[in-house]
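Take a look at the structure below.
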Amino acid sequence: MKELTPVSGEGGLGALRDILPDAPLQPALLEAMSEALQAAVLVYDRNDHLIFASRNVTNYLNLPTDTFRLGTRLRDILETAYAAGWRHLVPGQGNDETPTRDEWLTRQIAAHWRERFEMQVWEDGKRWTRYSKRRLASGFGFCIMTDVTDQKRREDQWRADVERVQLTEEILDNLAHPVFVQDRSLHVVAVNKIFCSTLSVGSEQALGSPLHDVFEHAVAERLLELSREVLETGVTASLALEMRVHGSALRMMRIHMQRVGKPGRYFLVSSLDDGGALADSGDGISGHSQAEALPSVMDADKEKAGGRLAGRKALVVSGEPAFEREMLDLLSLLGLDSCCVRNDDELEAFLDVARSVSVSIDLAIVDIRVDMQCLGLIQAQEIDYLTVEDGEEPSDLAFAILDRLTALQSDPAPVDDWEICTEDDPPVVVDSVQVIEKPQPPSRQSLILVAEDNEINQIVFSQILDGLGHAYRICADGEEVIAAWRDLNPALILMDVTLPIVNGFEAASRIRAAEDDTPARMPIIGVLPHAFDRDREACYAAGMDEVILKPLSPDVIEQVIQRHAPELARSAA
């Protein structure tokens, strides 16, 4: 910190006493006050002569030390500042004005003679400085300069947090499903309007309350058990419970619960939907339930299929015995003919034999843990498929299989039992196999790839796509998006542009560059936080097909899917 050198004769304490002999000001006290406030202080008398300048004033006004000699006129200091390029705004000056020297000096002097005046200036793109000017009734004037950069950052962060919370509340309120969020202590910290309407509870009553204040005792106890399990393990789970809806009779509802956030600040996000046919299934079904609990759940949907599942053939691709058993049991409950292969060699042999005897595979259930070569073989044969993660709820998977198979256009004629062997012995095929016209599966998997790194927006995407009935995969950075595009061949990509590692613009460009080796163009939708023209232009320049803005709503997402992936929209419908 620079020291202001006292000036002999007319400077220092002697000058202060000569200029203002009766003044009760004590320079040492003012210097201590300046250090305590972490501010620079200028004091001038009724004639605008400088009578005190703190030692740190040159940290704020980058002017020669001699500028602040005691007794210097305020106007002379301002003229030096103007010559040095200090041209900050004063009252009456617009952002686009370029005042002359005399105009600028007049306005500055007027500001110093106002009883109270403050302004904040962003200097050199590095620091926010607050200039507080006071004129006392005795004529003495003070100018206090304070670095408020940290305060401004805190204010900006606070405003951003408030806007984010408001945006999150608005998005939650526009979701089609009741949603509630719990913190680590399992208290409710967020609800949407449809949740309050469905449970007949006010938001003021729900927020900050334990589950027992929101749900009936038996329901709250079951939810607490599930919440503790999901919070501890991080495994998404579901539960079917009978609860009172809209204050009327009891009704079966299905609750989906997932953990979001980072260690130390986890949240549980739960959505409710109408359990419908679950009402006959007795006790709730968790994410770890076995397929044996599903017959009553699926009866109604199997009847709606009108016998169209008869003769359908499904293939399970998994190297995990437990996964294989659960999927085969589930497919058997749905009335499908099914078998399993465990690796890419078995799959290739199976598909060759099936093709040689004109047997069509309607759907492949692929364990996400298998070698990606298996997906390549299935896609090469144009077989419709679903990728399944371990622990996925059987009831949800069953509904997805029903929707996929009943959406196929052709009704295959019933055929005799079929069996294909992949062992070393030659395959044995039943003589009465009837050739079936192969249905035309979708050219892409019915999967939406979401590129989003913000945790709150990930929740929003999850709730919207769950509500619309679409399968999806969320990627948190651009490299992950590109890898998932290659491996999963999604039907659509929703691309946030502010991704880490590789941003959305570059990720889209790299996908477009790599599409020379693929037969079809991938629909890529840019997702922007602001409606800036330069960002829109950058999206289209990167090869994106359309741009949508946050906050998102189910209607916007649904319309985008209908425009760019109509087969996916029809399948969900």
**Counterpart residues, side chain to side chain contact (heavy atoms under 4.5 Å, CB included), relative to Pro554 (two or more places apart)** = Ile464
**Message:** Using every non-hydrogen atom in the two residues, find where Gly261 and Tyr266 come nearest and quote the distance to one decimal.
**Reply:** O-CE2, 3.6 Å
**Asked** Within the distance-only criterion (no hydrogens, no angle test), does the side chain of Arg254 pair as donor or acceptor with the backbone N or O of Ala240 below 3.5 angstrom?
**Response** no
**Message:** Parallel, tilted or perpendicular, judged at 30° and 60°: which one describes the rings of Phe195 and Phe215?
**Reply:** perpendicular
**Request:** For atom CZ of Arg369, decide whether the heavy atoms of other residues, nucleotides or ligands shown that lie under 6.0 angstrom number more than 12.
**Result:** yes
**Request:** Please check if the side chain of Asp477 supplies one atom and the backbone of Glu480 the other of a donor-acceptor pair under 3.5 Å.
**Result:** yes
**Request:** Sort and list the pairs that fulfil salt bridge (charged side-chain N to carboxylate O under 4.0 Å, His left out) and have at least one residue in residues 460-476, not counting sequence neighbours.
**Result:** Glu389-Arg473
**Item:** Thr233 side chain vs Glu229 backbone, donor-acceptor pair below 3.5 Å
**Value:** yes
**Request:** Look at the side chain of Glu346 and the backbone N and O of Arg342, then say whether any donor-acceptor pair between them is shorter than 3.5 Å.
**Result:** yes
**Prompt:** Pick from Asp367, Val317, Val316, Ile401: which one makes a side chain to side chain contact (heavy atoms under 4.5 Å, CB included) with Met327?
**Reply:** Val316
**Message:** I want to check something: taking the side chain as every heavy atom from C-beta on, are Gln381 and Glu348 in contact at a cut-off of under 4.5 Å?
**Reply:** no
**Prompt:** Do Phe461 and Leu494 touch side chain to side chain, with heavy atoms closer than 4.5 Å?
**Reply:** yes
**Item:** Pairs meeting criterion side chain to side chain donor-acceptor pair (under 3.5 Å) with involvement of residues 542-555, two or more places apart
**Value:** Glu452-Lys550, Asp496-Lys550, Arg512-Asp545, Arg521-Asp545, Glu546-Arg563, Glu546-His564
**Request:** Drop me the distance from Leu568's CG to His470's NE2, to the nearest 0.5 angstrom.
**Result:** 5.0 Å
**Request:** In sequence, state the C-alpha distance, the side-chain angles, and the governing distance for Ser270 and Val179, and then conclude on side-chain contact (heavy atoms from CB on, under 4.5 Å).
**Result:** CA-CA 6 Å; Ser270 304; Val179 176; over 6 Å; no
**Message:** To check you understand the geometry: which heavy-atom pair defines the closest contact between Ser462 and Ile474, and what is its length?
**Reply:** OG-CD1, 3.4 Å
**Item:** Donor-acceptor under 3.5 Å (Asn489 side chain, Gly376 main chain)
**Value:** no
**Item:** Least distance between heavy atoms, Leu377 atom then Leu351 atom
**Value:** O-CD1, 4.1 Å
